[in-house]
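Fair warning: this is a prediction, and the values are worked out from it, not measured in the lab. Whatever order the structure lists ligands and atoms in, that order sets their numbers, starting from 1. Values reported hereafter were calculated over all heavy atoms of this structure, with side chains retained and with hydrogens, waters and symmetry mates removed.
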Amino acid sequence: MRAKITIDKNNIIDKIDRRIYGSFIEHLGRAVYEGIYDPEHKDADEMGFRKDVIDLVKALNVPIVRYPGGNFVSGYNWEDGIGDKSKRPRKLDLAWLSLETNQVGIDEFQEWASRVGSEIMMAVNLGTRGPDEARSLIEYCNGKTDTYYANLRRQNGFEKPFDIKLWCLGNEMDGDWQICHKTAEEYGRVATETAKVLKWVDSSIELVACGSSDPNMPTFGEWERVVLNHTYDYVDYLSMHCYYGNKAQNTADFLARAEDMDRFIKTTAKICDEIKEKKNSNKTINLSFDEWNVWYRTKDEEKTIEKWQIAPALLEEKYNFEDALLVGCMLITLQNNCDRVKIACLAQLINVIAPIMTEKNGGAWKQTIFYPYMLSSLYGNGATLNTEVEVGSYKSKEGWDIPYLYTSTIYNEEKDEIVVFAVNRNLNEDISLEINGFDGYKLDKHLELYSDNLNETNDKDNERVKLTNRTIDDKSPINLKKHSWNMLTFKR
Ligand code: AHR
């Protein structure tokens with residue numbers, strides 16, 4: 001089939017905030033222990049961090065990592081994870097019914113983050129705790145004064161403040177699975193008061209208030225309105241979370257979920273603006289899509305496995321090729337909504353619903369979703385352009401028109417390069433792509449992720465789903481294989 005895209009380099013949506021390529025590490029399953037931290041591993045550095053994992057994370061070029069949860073944060077005492085490791089308490093983690101040894105806490109995590117070149121997006125516990133513990137935590141992390149918590153950090157060996165700039169006010173407080181979940185009114189109040197004390201300790205930070213944990217929550221919309229009514233003047237972003245799955249084994253419909261994500265973003269942005277108008281405010285609340293991914297095979301596992309294990313293998317979703325296609329589409333959605341989405345976190349990064357997997361005493365490897373994430377982060381920088389797409393479409397199960405070609409175009413002024421991300425959602429036919437508005441630019445690179453088998457996976461010994469560098473043939477039209485993810489770069 002044929003498709004045509006038309007751009008105008010001056011017609012931009014907005015500049016991309018690099019933080020949309022963020023990720024997430026929670027104290028959950030084998031993400032921290034056996035994932036980033038394994039002092040007995042042959043590749044461990046002097047702090048116990050796996051160097052092979054550090055290298056893979058660096059390859060992804062992750063600008064921010066959300067930490068320490070997730071559901072975990074709502075029962076977490078941050079003080080358990082600082083100072084002398086031999087004195088740290090072992091505790092029950094009620095979010096995942098596991099045993100937390102606290103051998104990694106903020107002291108270690110900030111070291112790890114600087115080793116991989118990422119900033120931390122720190123979440124505070126607004127479940128079992130509140131403003132008091134949050135203000136102590138930020139003083140510990142960012143304090144420059146001669147005061148108790150700043151001095152405690154110095155005593156623990158960290159003279160320089162961690163200087164964490166981005167903070168989440170709790171996690172998914174609308175969900176009854178959350179430890180001490182709250183009504184929107186209750187959450188709105190505590191989030192406001194916590195926001196005030198955090199910014200009083202450090203006025204240079206930015207804050208994210210919890211939006212709904214899923215667009216299908218019965219309170220979606222109302223939750224956002226009530227929370228923003230309370231917090232509007234005190235916070236900078238509203239969070240969004242969403243995971244998709246293909247339980248019905250209908251690939252065409254699964255790939256259409258990128259449009260659901262798009263509608264979810266636009267609806268949430270509209271609600272933010274509705275409150276802006278109501279408050280007659282000149283401030284815009286933008287969006288932090290701080291949990292997104294494919295996740296359906298390994299849901300609710302914590303309820304069925306043996307309780308109180310240290311680092312049990314939880315949520316180890318094995319991603320196949322079609323999952324990589326949807327992840328690629330979701331990244332396109334984020335890029336095309338860069339005027340409102342300023343932060344986003346692929347949930348998560350290692351072992352737990354993750355692009356990187358590790359084996360205890362063994363290697364580390366890339367899941368299928370690694371590649372669209374890596375290349376979006378490496379090449380998807382600059383301004384997203386409005387892209388006009390002419391292509392045929394199919395119907396989703398809800399009756400939406402789903403164009404076969406899903407695409408974003410990004411102009412990188414610094415490199416004078418135009419980058420097109422394109423997913424061919426036609427499961428039977430290649431697309432012959434015509435381009436318009438690229439005058440003076442020539443196709444320089446065509447990287448493709450393709451497998452004949454939509455269920456193909458990678459494992460530790462065999463990377464079956466990987467990138468192909470397609471040969472550039474100036475004389476023929478650009479070919480996008482049936483069900484493929486592609487990145488095209490154009491240079492002068
Ligand atoms: O990312 C896994 C879990 O999904 C997080 O802990 C929680 O916030 C969400 O429900």
Side-chain angles (χ1 to χ4, degrees), residues 22-33 35-36 62 64-76 92-98 100 109 121-128 166-182 187 191 208-220 223 227 237-245 261 264 287-305 311-319 323 326-327 330 343-357 367 369 373:
S23 191
F24 177 25
I25 290 183
E26 176 167 1
H27 283 251
L28 190 187
R30 300 191 311 119
V32 173
Y33 309 108
I36 67 169
V62 183
I64 52 162
V65 184
R66 187 163 172 254
Y67 176 82
N71 296 341
F72 172 79
V73 79
S74 298
Y76 182 51
L92 300 181
D93 160 22
L94 301 183
W96 301 106
L97 309 179
S98 306
E100 174 57 49
F109 192 74
M121 177 184 197
M122 188 79 187
V124 302
N125 175 354
L126 291 189
T128 57
L166 190 57
W167 294 74
C168 305
L169 297 162
N171 175 70
E172 295 191 348
M173 299 308 302
D174 61 326
D176 64 2
W177 58 88
Q178 204 66 214
I179 304 169
C180 301
H181 115 265
K182 295 185 168 37
Y187 173 70
V208 183
C210 287
S212 296
S213 48
D214 185 281
N216 296 318
M217 290 295 285
T219 47
F220 172 57
W223 172 274
V227 168
Y237 306 96
L238 185 70
S239 80
M240 303 177 65
H241 291 181
C242 196
Y243 297 95
Y244 296 110
M261 188 188 196
F264 180 29
L287 304 171
S288 170
F289 212 125
D290 44 45
E291 285 188 37
W292 68 270
N293 203 344
V294 171
W295 176 25
Y296 64 107
R297 303 170 180 94
T298 59
K299 284 222 162 178
D300 297 326
E301 276 183 331
E302 74 281 3
K303 294 179 187 141
T304 53
I305 63 152
L314 279 174
L315 278 54
E316 300 205 356
E317 195 91 0
K318 187 155 191 178
Y319 288 111
D323 296 333
L326 184 63
V327 163
M330 291 169 91
I343 300 160
C345 303
L346 174 70
Q348 299 192 12
L349 189 54
I350 296 146
N351 288 334
V352 170
I353 41 174
I356 298 170
M357 297 301 292
Q367 293 233 56
I369 62 170
Y373 178 43

Do you know the tightest heavy-atom contact between C210 and E172?
SG-N, 3.6 Å
Nearest non-hydrogen protein atom to atom 9 (C) of ligand 1, with distance, is E291 OE1, 3.0 Å
Should the proximity of V352 to ligand 1, defined as any heavy atom under 4.0 Å, be assigned to the side chain, the backbone, both, or neither?
neither
Looking only at distances, can you tell me whether any N or O atom of H241, backbone or side chain, sits closer than 3.5 Å to an N or O atom of ligand 1?
no
Looking only at distances, can you tell me whether any N or O atom of Y243, backbone or side chain, sits closer than 3.5 Å to an N or O atom of ligand 1?
yes
Flag the pair H181 / Y187 as yes when their ring centroid distance falls below 6.0 Å, and as no otherwise.
no
Below 4.0 angstrom from a heavy atom of I353, which ligand 1 atoms are there? Numbered from 1 as shown, please.
1 (O)
Pull out every atom of ligand 1 sitting under 4.0 Å from any heavy atom of E172, numbered as shown with elements.
7 (C), 8 (O), 9 (C), 10 (O)
Side-chain H-bond candidate by donor/acceptor type, D174 with S213, under 3.5 Å:
yes
Which atoms form the tightest heavy-atom contact between W292 and L346, and what is the distance?
NE1-N, 3.4 Å
Just by modelled atom types, is the M173 backbone N or O under 3.5 Å from a matching donor or acceptor in the Q178 side chain?
no
Numbered atoms and elements of ligand 1 in range of F24, under 4.0 angstrom, heavy atoms
1 (O)
Identify the protein heavy atom lying closest to atom 7 (C) of ligand 1, giving its residue, its atom name and the separation to 0.1 Å.
N71 OD1, 3.2 Å
Using the six-membered ring wherever Trp is involved, compare the ring planes of F289 and F264 and label them parallel, tilted or perpendicular (cut-offs 30° and 60°).
perpendicular
Minimum heavy-atom distance G22-Y373, with the two atoms named:
O-OH, 3.2 Å
What is the nearest protein non-hydrogen atom to atom 2 (C) of ligand 1, stated with its residue, atom name and distance?
Q348 NE2, 3.5 Å
Please report which non-hydrogen protein atom sits nearest to atom 6 (O) of ligand 1, along with the residue it belongs to and the distance in Å to one decimal place.
E26 OE1, 2.6 Å
Part of W295 within contact of ligand 1 (heavy atoms, under 4.0 Å)
side chain
Y244 (side chain) donor-acceptor with M261 (main chain) under 3.5 angstrom:
yes
Residue portion contacting ligand 1 (non-hydrogen atoms closer than 4.0 Å) for W96
side chain
side-chain contact (heavy atoms from CB on, under 4.5 Å) between Y67 and M122, worked out
CA-CA 5 Å; Y67 176 82; M122 188 79 187; 4.2 Å; yes
Taking 4.0 angstrom as the limit and counting only heavy atoms of G70, give me the atoms of ligand 1 inside it, by number and element.
5 (C), 6 (O), 8 (O)
